[in-house]
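Take a look at the structure set out below.
Values below: all heavy atoms of this structure, side chains included; hydrogens, waters and symmetry mates excluded. Letters A, B, ... are given to chains in the order of the sequence lines, protein chains preceding strands, and every chain is numbered from 1. Predicted model only: the values in this text are computed from it and were never measured.
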Amino acid sequence: MKTHPINSKTGQYTFFENVWAVVRLIPIGRVTSYGAIARYLGSAGSARMVGYAMNAAHGQTPSVPAHRVLNRNGMLTGKHHFGSSDAMQVLLEKEGIVVKNDTVNQFVTLFWDPNVELL
DNA sequence: CGATTGACGTACG
DNA sequence: TCGTACGCCAATC
């Protein structure tokens, strides 16, 4: 299900909001990667844009669970963009995800690939 | 409209 | 194994 929400301000489709729509679909206790989302949206090489979208996702409504989006190694690369440096890890742990050394344990098992789960 | 900006990913030494 | 370099491309300035 490729959702393409419309920007309420501009009335235009934006890559950012497509990213947010996918991120909101991530089940609790599961995680995915920037690259996976980029591929799902048809822009395989736009992984950086996904991260950039997360940067702009702060304060969005409905909220965007950006803490469930990690890099391809399952590392919490964006933790510094949350309130405190530990906020992201705390959010994940609240969902039952174990984080050690800024990396999600069992990342492969918990990985939620929109290309597989949604399609 | 060109330059800049990245919460990435891959390649290379 | 680790650090650096670079391509990627939408949004912003």
Side-chain angles (χ1 to χ4, degrees):
Chain A
M1 136 182 194
K2 295 179 186 292
T3 50
H4 299 276
I6 298 175
N7 184 309
S8 58
K9 296 177 191 281
T10 65
Q12 300 281 356
Y13 295 116
T14 66
F15 186 82
F16 280 22
E17 298 197 20
N18 286 332
V19 171
W20 299 337
V22 174
V23 174
R24 291 192 188 104
L25 297 178
I26 302 173
I28 293 178
R30 302 290 296 282
V31 296
T32 190
S33 72
Y34 303 98
I37 293 174
R39 284 205 317 278
Y40 177 72
L41 292 178
S43 306
S46 302
R48 305 187 71 173
M49 296 313 105
V50 177
Y52 202 47
M54 292 300 94
N55 189 40
H58 182 64
Q60 283 298 318
T61 53
S63 59
V64 178
H67 59 283
R68 298 189 193 131
V69 185
L70 316 169
N71 74 349
R72 69 176 193 114
N73 297 353
M75 220 171 114
L76 282 58
T77 50
K79 60 183 296 185
H80 299 301
H81 293 267
F82 285 75
S84 69
S85 60
D86 291 340
M88 188 175 186
Q89 176 173 335
V90 171
L91 287 172
L92 288 170
E93 292 179 335
K94 269 168 61 177
E95 299 182 356
I97 296 175
V98 179
V99 179
K100 186 171 184 178
N101 297 328
D102 293 343
T103 303
V104 170
N105 284 7
Q106 295 297 301
F107 175 63
V108 177
T109 302
L110 296 175
F111 187 72
W112 180 86
D113 188 347
N115 297 285
V116 175
E117 308 290 344
L118 302 180
L119 192 56

A:I37 CD1 to C:dA10 C1', straight-line distance once rounded to whole Å: 15 Å
Summary of ring-ring contact (aromatic ring centres under 6.0 Å, His included) pairs that have at least one residue in residues 96-119 of chain A, sequence neighbours excluded: A:F107-A:F111
Partners meeting ring pair (Phe, Tyr, Trp, His ring centres under 6.0 Å) with A:F82 (sequence neighbours left out): none
Nucleotide C:dA11, atom P - distance to CG of A:L41 in whole Å: 11 Å
For A:D113, all residues meeting salt bridge (charged side-chain N to carboxylate O under 4.0 Å, His left out), sequence neighbours excluded: A:R39
For A:D102, side-chain hydrogen bond (donor to acceptor under 3.5 Å, both in side chains) partners two or more places apart: A:K79
Gap between atoms CZ and C1', on A:F15 and C:dA11 respectively (whole Å): 11 Å
Output a table of donor-acceptor pairs, distance under 3.5 Å, between side-chain atoms of residues 70-78 of chain A and any protein atom two or more places apart or on a different chain; print 'none' if there are none.
residue : atom : partner : partner atom : Å
A:N71   : OD1  : A:N73   : N            : 3.0
A:N71   : OD1  : A:G74   : N            : 3.2
A:N71   : OD1  : A:M75   : N            : 2.9

Per-nucleotide protein contact string for nucleotides 7-13 of chain B, where B marks a base within reach and S marks sugar-phosphate only (heavy atoms under 4.0 Å, - for neither): BBSS---
